[in-house]
There are 2 protein chains.
Amino acid sequence: MAEKLRNESLELSGIAAAALGATEPIQVKFDASPGEEKPTERISIRDVAKEAGVSVATVSMVLNENPRISRATHIRVQRVIDNMGYRPNRLAQSLSSRYTQVLAVMLPPLRHAFADAYFGEILSGISDRAGKLGHKLLIEQAKPQYIKEGKHIELYERRFVDGVLCLGFNEKHTFLSDLRQYPMILVDNRFGDGMLDYVHCDYRMGAKQAMNCLLQLGHRNVGMIYAAPESPTARDVLEVYTTELRNAGIDPKESWLADGCFTDEGGAAAAHLLTTRDKDITALLCGNDKMALGAIRYLVEHGHKVPQDISVVGFDDIQHLAYANPSLTTVHLPLYELGVAACERLVNRIRGKVDRVTDVLPTHLVLRESTSIVRTR
Amino acid sequence: MAEKLRNESLELSGIAAAALGATEPIQVKFDASPGEEKPTERISIRDVAKEAGVSVATVSMVLNENPRISRATHIRVQRVIDNMGYRPNRLAQSLSSRYTQVLAVMLPPLRHAFADAYFGEILSGISDRAGKLGHKLLIEQAKPQYIKEGKHIELYERRFVDGVLCLGFNEKHTFLSDLRQYPMILVDNRFGDGMLDYVHCDYRMGAKQAMNCLLQLGHRNVGMIYAAPESPTARDVLEVYTTELRNAGIDPKESWLADGCFTDEGGAAAAHLLTTRDKDITALLCGNDKMALGAIRYLVEHGHKVPQDISVVGFDDIQHLAYANPSLTTVHLPLYELGVAACERLVNRIRGKVDRVTDVLPTHLVLRESTSIVRTR
DNA sequence: AGATTTTGTTAAACTGATTAAACAGTTAAA
DNA sequence: TTTAACTGTTTAATCAGTTTAACAAAATCT
């Protein structure tokens, strides 16, 4: 922290000073001429062909690096292309070739889906990978009306995209089965037991790591704030939670479970429910970091010390939450890598790979301050 | 809060119970046949024309609701279209018409740009509006390499999009001037004094509201955590800050200013700098909520009570931060509406409207718990 | 009734690329 | 020497729509 505090804002020079006194406008350079640009005539492949003295087919093949073009011709034509500043129209390219080079990311119709750290991290991975693979990204939200109108199918049928990455959905979202026949990857979940391609984090491993940690710290009355039990990966966590308790000779009670809806407030509400229903709970396993944060906030505000009275473990390892107080012990999900993998697999699928995709990425526990050895009474 | 805590998770019925015992797989229905779908032959406009006994031109005109088509023909052809389940290929449509019906959202190359509450809120507005106007959204990040390769220009030249919305940029980002000749809206900033279309929040108004509040509470030694002083809107805040102090007969000191880089940690670092440099500061005006949160975290952790010792005001009014402790007094920026407006204006521009866009949206102060009357010594 | 306008439809050109098939010109094999 | 196999390039068809100009038929005006 001391490190962090030092390197910022030691210089208060020109600009801030200027704000205090005269307001000197920053100079902005424009490289082009000051007047209106001539609406440059669109250069087509035919213009290039004419200029280079070859056929359009040749230019096209140069563009696509077709090996049937000789080295000499390639260089000559490429030079003309560069000189003329020709850029192929990708609508025409996509129309005649089979591919649009565009992927869609489908998000659930949540009000803050675009501002969500969980989605954001996956999206980062997808975006980086898609860029490298030469694909653009379309963002869509699966609102009820949208699905009703079949817009998700139009995405393919009208050739908007070559494939779709679905984030934040589960088996309740039956529209997913409409996309079964097209290139599609379900991200961070499964569906209908292998009906769809998927890539998800190993929630069973994560749950085991979290439970191991809590049990080793001596906790026996462990509550769980889950969410979306219709989601297979969420059920994985619930199952491992109960199994691990049983393996430790503990009989999990129903009163130890509460739904936190994956939200901050939901987590707080669930913490309230659990702690009032069972005073003996000494630890909480939470289905994601947001709920864990909500739970901690509730606990602290209501006189429970974290971790002295109650330990809390989250899931996700969202950035910037490491700075929370107490900082959160949590299962790190490789969300960025998940996005990368999903994107990679999808593009392979589009390019004709036929094997079903069923990747499961490993997790690890990040031990921070929200857990401690069980309190002795 | 009591309200919030009650309505959640009172029922622990089937599914959670199932997790504790037997694991009954959820049934998923598929409406289509179980085998592989036949790769349905693509239906083209010519097929529709033949089936309906009219020319392709007629079908096209029905599709585009051209008034030259008679009511009778329209209905007849539309029925055939519906029966055949025909969906026009939009690549072909875009190729021959002038428009792609796609907009790009350009984000700065920050690691967590996709998970940012500020961008997320604007994006929500853009997305909703774009959907209603029949436009798709492409997301791009202006990484240095990306700009160097001229990909931002390709967006238009290769006909990926009709227009671009630029979020989170300022006058330092000179690539913006490359896009001057195309439909583009700079969102939440100005550039080169009216060289580009823009839509931004009224930061001057916001700063005035914040300073009024602090001055009325009796604060005279008011520090400011700013960021990105190269940004015109950020300079607006700095200017109003100094002006308002001077109007109140206070001479702003340079030591009251620190750059917080718009980040959480930056805010904490700036708070450290300001409070150690000048012990008399009783209030902090912060350029955004993230820095304000960082500042509060630092202050609380270092023995300053907020708001009793130091009041803090933010900018943005990010969701979910209302729940922080203490909750944050902040200038509400209409970010969702900003996105809506920007999108609306951009589409107008694309459709031929020529007037320069220079919208400025009003702000208001949201008074919460992080401000109080100045401490008396 | 004949000329003019309006209305509805169509043929054909056009958008800007890809690609299969054809075609010369070489080179290698029989 | 003839045939076969390559090479490198071009011709022409194709992708799936929009749009302009032309045209016939019906309606309106002298």
Side-chain angles (χ1 to χ4, degrees), chain A residues 39-78 80-81 84-102 134 154 156-160 162 351, chain B residues 39-78 80-81 84-102 134 154 156-160 162 351:
Chain A
T40 327
E41 314 278 315
R42 293 223 143 283
I43 306 163
S44 84
I45 196 169
R46 280 160 238 272
D47 303 321
V48 177
K50 198 174 290 170
E51 183 75 16
V54 294
S55 72
V56 290
T58 302
V59 180
S60 171
M61 289 169 130
V62 168
L63 244 32
N64 295 292
E65 309 205 315
N66 190 313
R68 295 205 299 186
I69 295 296
S70 71
R71 184 117 201 80
T73 312
H74 189 293
I75 291 172
R76 188 159 47 85
V77 174
Q78 188 61 57
V80 176
I81 289 175
M84 298 180 78
Y86 164 69
R87 304 183 201 250
N89 179 322
R90 75 150 257 293
L91 292 171
Q93 287 185 314
S94 298
L95 182 58
S96 32
S97 75
R98 283 178 56 67
Y99 305 110
T100 65
Q101 306 273 82
V102 178
E154 280 194 1
Y156 298 94
E157 294 271 304
R158 300 195 52 198
R159 311 217 39 211
F160 278 102
D162 294 333
R351 291 183 182 162
Chain B
T40 327
E41 313 279 314
R42 293 223 142 285
I43 305 161
S44 84
I45 196 169
R46 280 159 237 270
D47 302 321
V48 176
K50 198 174 291 171
E51 182 75 15
V54 295
S55 72
V56 290
T58 302
V59 180
S60 171
M61 290 169 128
V62 168
L63 244 31
N64 295 294
E65 311 206 312
N66 190 313
R68 293 205 301 183
I69 294 295
S70 70
R71 185 117 199 78
T73 312
H74 190 292
I75 292 172
R76 188 159 47 86
V77 174
Q78 188 62 55
V80 175
I81 289 175
M84 298 181 77
Y86 165 68
R87 305 183 199 249
N89 180 322
R90 74 152 257 293
L91 291 170
Q93 287 184 315
S94 299
L95 181 58
S96 32
S97 74
R98 283 175 54 68
Y99 306 109
T100 66
Q101 307 273 80
V102 178
E154 280 194 1
Y156 298 94
E157 295 271 303
R158 301 195 52 200
R159 311 217 40 212
F160 278 101
D162 295 333
R351 292 184 181 162

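Letters A, B, ... mirror the listed sequences (proteins, then strands); counts begin at 1.
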Rounded to the nearest Å, what distance is computed from the CD1 atom of residue I45(B) to the P atom of nucleotide dA16(D)? 11 Å
Counting the atoms with a prime plus P, OP1 and OP2 as sugar-phosphate, which does S60(A) contact under 4.0 Å by heavy atoms, base, sugar-phosphate, or nothing? base
Rounded to whole angstrom units, what separation is found between the CZ atom of R158(A) and the P atom of dG17(D)? 9 Å
Going 5' to 3' on DNA chain C, which nucleotide is the first and which the last to come under 4.0 Å of a heavy atom in chain A? dG16(C) to dA21(C)
To the closest 0.5 Å, what do you measure between CG (D162(A)) and OG (S94(A))? 7.5 Å
For dG17(D) and Y86(B) - does any side-chain N or O of the residue sit under 4.0 Å from the phosphate oxygens OP1/OP2? yes
Between P on dT18(D) and CZ on R159(B), what's the gap in Å once rounded to a whole number? 13 Å
Closest contact, heavy atoms only, V62(B) versus H74(B): O-NE2, 3.7 Å
Length of the CG-P vector between L95(B) and dT18(D), whole Å: 11 Å
Looking for any heavy atom pair under 4.0 Å, which part of the strands does R90(B) touch: base, sugar-phosphate only, or nothing? nothing
How many Å lie between CD on Q101(B) and P on dT18(D), as a whole number? 11 Å
Would I81(A) and L63(A) count as a side chain to side chain contact (heavy atoms under 4.5 Å, CB included) if you check the C-alpha gap in whole Å, the side-chain angles of each, and the deciding distance to 0.1 Å? CA-CA 9 Å; I81(A) 289 175; L63(A) 244 32; 3.5 Å; yes
Hey, is the side chain of S70(A) poking within less than 4.0 Å of OP1 or OP2 on dT9(D), counting only N and O atoms? yes
Can you tell me how far the OG1 atom of T100(A) sits from the CZ atom of R158(A), to the nearest 0.5 Å? 13.5 Å
Using a 4.0 Å heavy-atom cut-off across all strands, classify R46(A) as base, sugar-phosphate, or nothing. base
Using a heavy-atom cut-off of under 4.0 Å over every strand shown, decide if T58(A) touches base, sugar-phosphate, or nothing. base
Grab the CZ-C1' distance between R98(B) and dT20(D) for me, whole Å please. 16 Å
Where the side chain of R90(B) meets the backbone of R159(A), is there a donor-acceptor pair that is under 3.5 Å apart? yes
CG of N66(B) versus C1' of dT18(D): gap in Å, rounded? 11 Å
Would you say N64(B) places a side-chain N or O within less than 4.0 Å of OP1 or OP2 belonging to dT18(D)? yes
Separation of dA16(D) atom P from Q93(A) atom CD, nearest Å, is 17 Å
Any idea which heavy atoms bring S44(A) and Y86(A) closest together, and the distance? C-CE1, 3.7 Å
From the options N66(A), I45(A), I69(A), select the one residue that forms a side chain to side chain contact (heavy atoms under 4.5 Å, CB included) with S60(A). I45(A)
Residues in residues 47-57 of chain A with a heavy atom under 4.0 Å of DNA chain C, by number, are A57(A)
Nearest non-hydrogen partners of A52(B) and R76(B), listed with the distance: O-NH1, 3.2 Å
Backbone of V56(B) reached by a side-chain donor or acceptor of R46(B) within 3.5 Å: no
Rounded distance (nearest 0.5 Å) linking atom CE of M61(A) with atom OG1 of T73(A): 11.5 Å
Tell me what S94(B) touches on the nucleic acid: a base, only sugar-phosphate, or nothing, going by heavy atoms under 4.0 Å. nothing
Does S96(B) have a side-chain nitrogen or oxygen under 4.0 Å from the phosphate oxygens OP1 or OP2 of dA16(D)? no
